[in-house]
Protein chains: 2
Amino acid sequence: MLLPFGTGGGNSAIKMLEKITVDIFNDSSQNLLEKKGLKKTKLRLELIQHFKEAKHAQAYSDLKQALVSDVDKSTLYRNLSIFEEVGLIHGINDHTGVTKYALGSEPSSGHGHAHFVCECCETVYCMNGTTELQFEMPHGFKPKNVQTIIKGICANC
Amino acid sequence: MLLPFGTGGGNSAIKMLEKITVDIFNDSSQNLLEKKGLKKTKLRLELIQHFKEAKHAQAYSDLKQALVSDVDKSTLYRNLSIFEEVGLIHGINDHTGVTKYALGSEPSSGHGHAHFVCECCETVYCMNGTTELQFEMPHGFKPKNVQTIIKGICANC
DNA sequence: TATTTAAATGCAACTCTGTTGCATTTGTAA
DNA sequence: TTACAAATGCAACAGAGTTGCATTTAAATA
C-alpha cells in the first residue's frame, strides 16, 4: 500500500508560513519544519522521521513506544495537533476509537483518500486511491470532504 | 436524510436466534427483542424506541441524557455492544473519538452506507446512498466492508 | 401462581485517551 | 550573548469504555 500524496494547507492561525507547499515525502524533516515555521526540536525531528518510515498509521501509544525521546504525553499530543493543523499528518478514526496518524494532509474538497483497517490486527493503512460520492446529498447538506474506511483483512494477517 | 435499511446478521455466539431477519424500522420494539432472543427489559424497550425516534446518531452521553431510566454506565455500554452484535444498531466513529450509534446493521460486503458528520455541531447523520470501491486493492488485502464518512455542514448549521 | 435460574443490572474500581494551566526550558533571531 | 516566544514537562483533570462480582429480574417450569 502506497502512502497518500500530500499538499499543504491547514486552517488555523498558527503562522502564515504553513500555507507554503512542501513535498512531505521528499523534503528533509529539517526543511519541513522550517517551511512550516515550526522550531526544530529533537522530538519533532524524530517524530517526522518516524512517520516517514512507518508502514501504517500510528496511534499515540505506538508513537510513545517507538520514540527514543522520553516525551511527555501532553507534548506529544500537542505536536500531533500542530502537525495535523499544518498539514504534515492527518488523523484517521477507526472502530477502536483511538485516533491514528499518518503522513500527508487530508484533501479538502470533493473526494478524499481511503484507509484500510484490518479487522484482525487493527492496523490502519493509507490507500492511494480516492473515492467520490456516488449519490446526491439531501437538501441543505454541504459536503466538504469524503473519507472512506475499508474494513477487511490485511496482507499480514 | 433518510435512515439506512437494515438487515439482520451479527457475528457473535450469543444466540442462534440472532440470525432471524427482522424489519428494524417496522417491527415493534417488543418483537425485535423477542426475535433476537433478548429479554425485554424496561431499559431495552426504551432504548430501541429512542433509536427509532432519533434523527441522528447517538453517543453514550446523548443516550444517558435522553433516557428516562436512570441506567448505569456499564449496563448501557453492554446493551449497546449487544445490540450491535445482534444487528439492531451500528456504530460510527467520527473525528471526535466517541462512538455514535444508529438503528440498522452494518452491511457486510462490498459496499456500505455513508455517514455525514457536521463539522459545526458534530452531529452524525446516516445517509441512504451507498458507496463502492473505485480503485483496486493492493495485493493481499481483502476488503469486507466499506464505510464512508462525509464531513461538511449540515442543514441545521 | 410459586419456584427457579440464567440473563440483566448496579456498583466500584480501573485503564486509557486526550486536555488544560502553569512553571521551566530551549530554539532562534537580534 | 541576550532576550523572548515557542516548546516542553508536570500535575491534575474529564470522559470513554471495561471488568469482576453481588444483586435483581424476566421468563421458563413445575
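Residue numbering restarts at 1 for every chain, and letters A, B, ... go by the order of the sequence lines. Values below: every heavy atom of this structure, side chains too, minus hydrogens, waters and symmetry copies.
- Atom-to-atom, CZ of B:Arg44 to P of C:dG10 comes out at 11 Å; the value is rounded to the nearest Å.
- Scored by the ring-ring contact (aromatic ring centres under 6.0 Å, His included) test, A:Phe116 finds B:Phe141 as partners (sequence neighbours excluded).
- A donor and an acceptor atom never sit less than 3.5 Å apart when one is taken from the side chain of B:Lys73 and the other from the base of C:dG10.
- With sequence neighbours excluded, no residue forms a side chain to side chain donor-acceptor pair (under 3.5 Å) with B:Asp62.
- One atom, CG of A:Asp94, and another, C1' of C:dT17, lie 13 Å apart when rounded to the nearest Å.
- Residues B:Ser81 and A:Thr75 each lie close to DNA chain D; by heavy-atom proximity, the contact nearer the 5' end of the strand is made by A:Thr75.
- If you take CG of A:Leu76 and P of C:dC16, they are 16 Å apart, rounded to a whole angstrom.
- Put simply, A:Ser61 has no side-chain N or O that comes within less than 4.0 Å of OP1 or OP2 on C:dC16.
- As a whole-Å value, the separation of B:Leu43 CG from C:dG10 C1' is 12 Å.
- Scored by the side chain to side chain donor-acceptor pair (under 3.5 Å) test, B:Thr123 finds no partners at all (sequence neighbours excluded).
- For A:Glu119 against A:Lys151, the heavy-atom pair with the smallest separation is OE2-CB, 3.8 Å.
- Taking Ile, Leu, Val, Met, Phe, Trp and Tyr as members and joining any whose side-chain heavy atoms lie under 4.5 Å apart, directly or through other members, A:Val98 forms no hydrophobic cluster with any other residue.
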Completion exercise
Whether each nucleotide of nucleotides 20-30 of chain D has a protein heavy atom under 4.0 Å at its base (B), only at its sugar-phosphate (S) or at neither (-) is summarised, 5' to 3', as B-----BS---
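- Regarding B:Tyr60, its OH atom lies at a distance of 20 Å from the P atom of C:dC16, rounded to whole Å.
- Nearest to the side chain of A:Asp72, among C:dC11, D:dC10, D:dA16, sits D:dC10.
- Rounded to a whole Å, the CD atom of A:Glu84 is 10 Å from the P atom of C:dT19.
- Each of C:dT9, D:dG9, C:dG18 was ranked by its minimum atom distance to the side chain of A:Val71; first place goes to D:dG9.
- Mapping B:Gly97 and A:Asn79 onto DNA chain D by nearest heavy atom places A:Asn79 at the nucleotide closer to the 5' end.
- Distance, A:Asp70 CG to C:dT25 P: 17 Å, rounded to whole Å.
- Within the structure, salt bridge (charged side-chain N to carboxylate O under 4.0 Å, His left out) pairs that include any residue of residues 63-76 of chain B comprise B:Lys64-B:Asp70 (at least two apart or interchain).
- B:Leu67 places its CG atom 14 Å from the C1' atom of C:dT9, with the value rounded to the nearest Å.
- Atom CD of B:Glu136 has 12 or fewer neighbouring heavy atoms from other residues, nucleotides or ligands inside a 6.0 Å radius.
- Side-chain N/O atoms of A:Tyr77 include one lying less than 4.0 angstrom from OP1 or OP2 on C:dG18.
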